[in-house]
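A short write-up of the structure that comes next.
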Amino acid sequence: MFELPDGTTLALSEGATGTDAAAAIGPGLARAALAVKVGDEVRDLARPLPSDNGRVRKLEVITERSGARALELIRHDTAHVLATAVMELYPGVKISIGPPIEDGFYYDFDFPDGVTLSDSDFERIEAKMREHVDADEPFVREDVSVGDALARFAREGQDYKVELIEDLIRDDGVETVSLYTNGPFTDLCRGPHSPSTKRIKAFKLQSVAGAYWRGDASKPMLTRVYGTAFFSAKDLEEYLHRLEQARARDHRKLGRELGLFMFSEISQGAPFWLPAGVVVWNALTDLWREQNRARGYTEVRTPILYDVELWKQSGHWDKYRNNMYFTDVEGRQMGLKPMNCPAHVQIFKADRRSYRELPIRLAEQGLVHRHEPSGVLHGLLRVRQFSQDDAHIFCTEAQIEDEVLRCLDLAYYLYELLGFDPRVELSTRPDNRLGTDETWDHAEGALAGALRRRGLEYDIAEGEGTFYGPKIDLHMTDSIGRSWQLGTVQLDYMMPARFELAYTGEDNAEHRPVMIHRALFGSFERLIGILTEHYGGDFPLWLAPVQAIVLPIADRHLEYGAGVHDRLREQGVRVELDERSESVSKKVRDAELRRIPYMLVVGDREAEGNVVAVREHRVGDTGTLTVAEFAARIEELVSTRAPRF
RNA sequence: GCCGACGUAGCUCAGCUGGUAGAGCACUUCACUCGUAAUGAAGGGGUCCGGGGUUCGAGUCCCCGCGUCGGCUCCA
């Protein structure tokens with residue numbers, strides 16, 4: 001017995017297939033069917049349904065309308081068709097794996113020596129793929145013994161498939177594997193697939209990239225082809241259009257257009273902050289400083305260059321040396337700090353500490369240098385030199401959960417202000433770790449407890465904690481869907497031990513404090529990158545590099561305009577005056593393109609009435625105000641850090 | 001770091017199979033003095049990423065660097 005989504009039940013004879021089920025429900029559904037979902041498992045239509053063993057199981061027929069599940073099916077189909085075409089066009093190519101992924105699929109190939117692929121080859125490959133789609137070739141599943149499968153792929157020289165099967169035998173003890181054949185192509189594949197290639201209505205190859213076999217940098221590099229597929233050309237077009245629009249929000253493009261920052265070959269991975277970018281930075285610094293002060297942090301500043309002895313003691317020499325920069329100073333080896341923690345530890349150690357002082361919360365806009373591999377640099381989001389909104393909290397074991405909760409409160413205060421909705425991750429003990437299980441139990445419990453008290457939903461990243469403690473990470477997504485870590489709250493038992501930190505307890509005995517490492521913006525660089533994309537360049541007034549621009553209509557209005565400009569500047573408004581002898585339309589257009597929130601048009605009427613005509617960015621004319629009224633409005637929006645004007 | 005693509009004026013880009021560089025925007029000057037997304041004209045501006053090589057001749061072909069982009073790996 002099967003229960004259908006509408007709650008009705010369906011009885012089928014033993015051995016009935018997915019096709020039979022769809023047909024039993026209705027002929028239209030049978031035609032539209034791509035696969036069936038029984039329980040949580042999606043299966044080929046042609047396969048007999050699993051025996052119900054007398055239980056009622058949920059059954060759903062997957063069609064084009066089934067959303068992500070259906071798209072995943074035909075994207076996986078398309079990956080097979082891609083491999084089919086590549087095998088035909090490039091004899092001797094070895095295939096590896098080709099799964100569906102978010103928004104598309106990929107297939108990894110190992111081309112014969114001397115053969116490379118570029119996107120200029122896509123047209124030819126797509127044409128060949130189209131032939132197979134048009135040919136309406138069924139996907140035929142066949143379950144074979146691992147012996148037969150191994151023999152087959154070994155004979156064909158498909159080494160990667162052989163390796164995959166050998167691993168399946170070794171790790172999972174499988175005795176049979178499934179093969180799927182479409183047209184001339186047979187692949188080792190778990191399935192499921194739709195009935196035939198004809199179900200792929202629209203597809204496109206998108207990019208080619210290198211990818212290590214099994215994601216292991218010591219293994220051969222394969223050629224990965226990315227593509228996507230949809231049920232209609234219209235859906236594909238819309239998707240490509242969305243991608244294009246997302247690229248318009250790219251912070252690297254906006255950063256140049258808005259004069260926020262620049263890069264130079266002469267210092268790879270290190271942003272040059274331009275005047276407009278510094279305004280944004282400083283506005284964020286004001287927020288950071290204000291909130292730190294309000295929440296019991298004290299601000300410090302520490303050096304960036306230290307004797308390597310410090311890094312040996314902290315463990316960075318062992319664990320992080322490859323990412324650090326070193327230099328010789330009069331024969332002494334020095335290293336630039338990649339993190340601020342050992343510096344803050346020095347401050348903690350500089351005095352005898354009492355339990356009465358704890359928690360001690362040291363905050364710093366700390367400039368750190370990390371030697372990131374050149375291939376991973378990415379605008380402001382991955383750089384080699386950056387300023388963290390760092391803080392280290394030295395506290396007792398008993399204070400941990402409250403302190404972590406305070407960190408989360410601050411994080412969410414900031415994130416809500418910025419309009420962020422982060423993904424939260426709790427990373428637990430890794431295999432390679434310091435400390436006892438009891439310590440880890442307590443540490444993980446404290447983090448989870450704080451998350452629970454805050455009512456946050458979170459993913460658990462098993463084993464992804466640092467070797468010195470578990471952590472909570474807050475992630476945001478950029479304009480092209482990549483996830484970046486902004487905030488982090490980490491518990492650390494190791495650093496206090498390595499530096500023999502101690503405080504005198506109520507019992508007059510020495511105790512070891514616990515350290516909490518905490519950065520909520522992550523870094524100002526990454527934050528501004530994400531913020532730029534988040535706002536699409538339209539910064540809220542409190543962050544906008546230029547908040548208003550005065551646009552005189554004709555040269556004879558320059559004097560009045562200059563007066564308006566000066567009065568606003570005295571009120572603390574970041575204001576400019578467009579003195580060019582251009583048309584109003586031109587001045588408005590340029591101000592709109594610069595995303596300036598307010599344009600103040602002044603002509604005869606305004607000069608006469610001692611007012612300004614206010615045009616709001618992306619809104620248009622909003623009427624006339626006196627300069628004082630306008631300044632008050634700005635002041636209100638800035639002081640409340642209003643999300644949008 | 002690895003794989004691939006790319007690198008032409010400040011920006012965005014054109015430059016067929018080799019015959020010593022071009023557009024739009026921006027900039028400067030002049031004219032226009034304008035009421036809410038481009039007024040017109042003239043002008044200036046380029047070691048074609050750098051270094052080798054092939055060739056009578058290289059922006060164009062080859063090699064080596066550097067950088068950027070997309071992935072992969074990495075990411076306190």
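Not measured: the values here are computed from a predicted model. Heavy atoms only: backbone and side chains are in, while hydrogens, waters and symmetry mates are out.
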Query - Pairs flagged by ring pair (Phe, Tyr, Trp, His ring centres under 6.0 Å) wherever residues 369-391 of chain A is involved - sequence neighbours left out - result: A:Y325-A:H371, A:H378-A:W484
Query raised in the report: Taking only residues two or more places apart in sequence, or in another chain, which ones meet A:W273 in a ring-ring contact (aromatic ring centres under 6.0 Å, His included)?
Result: A:F261, A:W281
Requested in this report: Name all residues meeting the ring-ring contact (aromatic ring centres under 6.0 Å, His included) criterion together with A:F394; count only those two or more places apart in sequence or in a different chain, and write none if there are none.
Outcome: A:F348
Query raised in the report: Can you find a side chain N or O atom of A:S583 that sits less than 4.0 Å from OP1 or OP2 on B:U39?
Result: yes
Query raised in the report: Does the side chain of A:R252 get closer than 4.0 angstrom to OP1 or OP2 of B:G70 through an N or O atom?
Result: yes
Query raised in the report: Which part of the nucleic acid does A:L222 contact within heavy-atom distance under 4.0 Å: base, sugar-phosphate only, or nothing?
Result: nothing
Query raised in the report: Looking across every strand, which nucleic acid part, if any, lies under 4.0 Å from A:E257 by heavy atom: base, sugar-phosphate, or nothing?
Result: nothing
Query raised in the report: Going 5' to 3' along nucleotides 12-17 of chain B, which nucleotides have protein heavy atoms under 4.0 Å from the base (write B), which only from the sugar-phosphate (write S), and which from neither (write -)?
Result: S-----
Which pairs would a plain distance check flag for residues 90-104 of chain A, meaning a side-chain donor or acceptor within less than 3.5 Å of a matching protein atom at least two apart in sequence or in another chain?
unit_1: A:Y90; atom_1: OH; unit_2: A:R124; atom_2: NH2; d: 3.4
unit_1: A:K94; atom_1: NZ; unit_2: A:D159; atom_2: OD2; d: 2.7
unit_1: A:S96; atom_1: OG; unit_2: A:D108; atom_2: O; d: 2.8

Polar atoms only, N or O, under 3.5 Å: list the protein pairs with nucleotides 71-74 of chain B and their distances.
unit_1: B:G71; atom_1: OP2; unit_2: A:R482; atom_2: NH1; d: 2.3
unit_1: B:G71; atom_1: O3'; unit_2: A:Y226; atom_2: OH; d: 3.0
unit_1: B:G71; atom_1: O2'; unit_2: A:Y226; atom_2: OH; d: 3.2
unit_1: B:G71; atom_1: O6; unit_2: A:G375; atom_2: O; d: 3.4
unit_1: B:G71; atom_1: N2; unit_2: A:G210; atom_2: O; d: 3.3
unit_1: B:G71; atom_1: N3; unit_2: A:G210; atom_2: O; d: 3.3
unit_1: B:C72; atom_1: O4'; unit_2: A:G210; atom_2: O; d: 3.1
unit_1: B:C72; atom_1: O2'; unit_2: A:Y212; atom_2: N; d: 3.0
unit_1: B:C74; atom_1: O2; unit_2: A:R382; atom_2: NH2; d: 2.9
unit_1: B:C74; atom_1: N3; unit_2: A:R382; atom_2: NH1; d: 3.3

Query raised in the report: Looking at RNA chain B, which of residues 551-558 of chain A put a heavy atom within less than 4.0 Å of it?
Result: A:I553, A:A554, A:D555, A:R556
Requested in this report: Could you check which residues of residues 515-530 of chain A get a heavy atom under 4.0 Å from RNA chain B? Sort them by number, please.
Outcome: none
Query raised in the report: Under the salt bridge (charged side-chain N to carboxylate O under 4.0 Å, His left out) test, which residues partner A:K587, sequence neighbours left out?
Result: none
Query raised in the report: Mind checking what makes salt bridge (charged side-chain N to carboxylate O under 4.0 Å, His left out) contact with A:D390, not counting sequence neighbours?
Result: none
With 3.5 Å as the limit, what N/O pairs link the protein to nucleotides 23-28 of chain B?
unit_1: B:A26; atom_1: OP1; unit_2: A:K586; atom_2: NZ; d: 2.5

Query raised in the report: So what's B:G43 paired with, Watson-Crick or G-U wobble, going by both distances under 3.5 Å?
Result: B:C27
Report summary line: pair_partner(B:C6), Watson-Crick or wobble, both distances < 3.5 Å, evaluates to B:G67
Using a cut-off of under 3.5 Å, enumerate the N/O to N/O pairs linking the protein to nucleotides 61-66 of chain B.
none

**Report entry** A:N292 side chain near A:L410 side chain, heavy-atom distance below 4.5 Å
**Finding:** yes
